[in-house]
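The basis for the numbers below is simple: all heavy atoms, side chains too, and nothing from hydrogens, waters or symmetry mates.
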Amino acid sequence: MGLDDRNDSAGVPGECPGHDWKVHGIYLRSTGGSMSVACKWCGAVQYEPSLSDGT
């Protein structure tokens, strides 16, 4: 988390009291799948790789 993530004001655009992740996207492949999640407070997106990524 960045320095702006230490704000205590929940729900204010751009201010994040702590990431609260929700599913953003699901990626299916013949070898498995993976997904990305987004924070409902600040909009940060994180990719969650599958075990088949990189092989």
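- Considering every non-hydrogen atom in both Y27 and S36, the closest pair reads OH-OG, 3.1 Å.
- The cluster map of Ile, Leu, Val, Met, Phe, Trp and Tyr, joined by side-chain heavy atoms under 4.5 Å apart, puts I26 and Y47 in different clusters.
- Residues M35 and L28 share a hydrophobic cluster, clusters being chains of Ile/Leu/Val/Met/Phe/Trp/Tyr side chains in contact below 4.5 Å.
- Residues G18 and W41 come closest through the heavy atom pair O-CD1, 3.3 Å.
- The shortest side-chain heavy-atom distance between S34 and R29 falls under the 4.5 Å cut-off.
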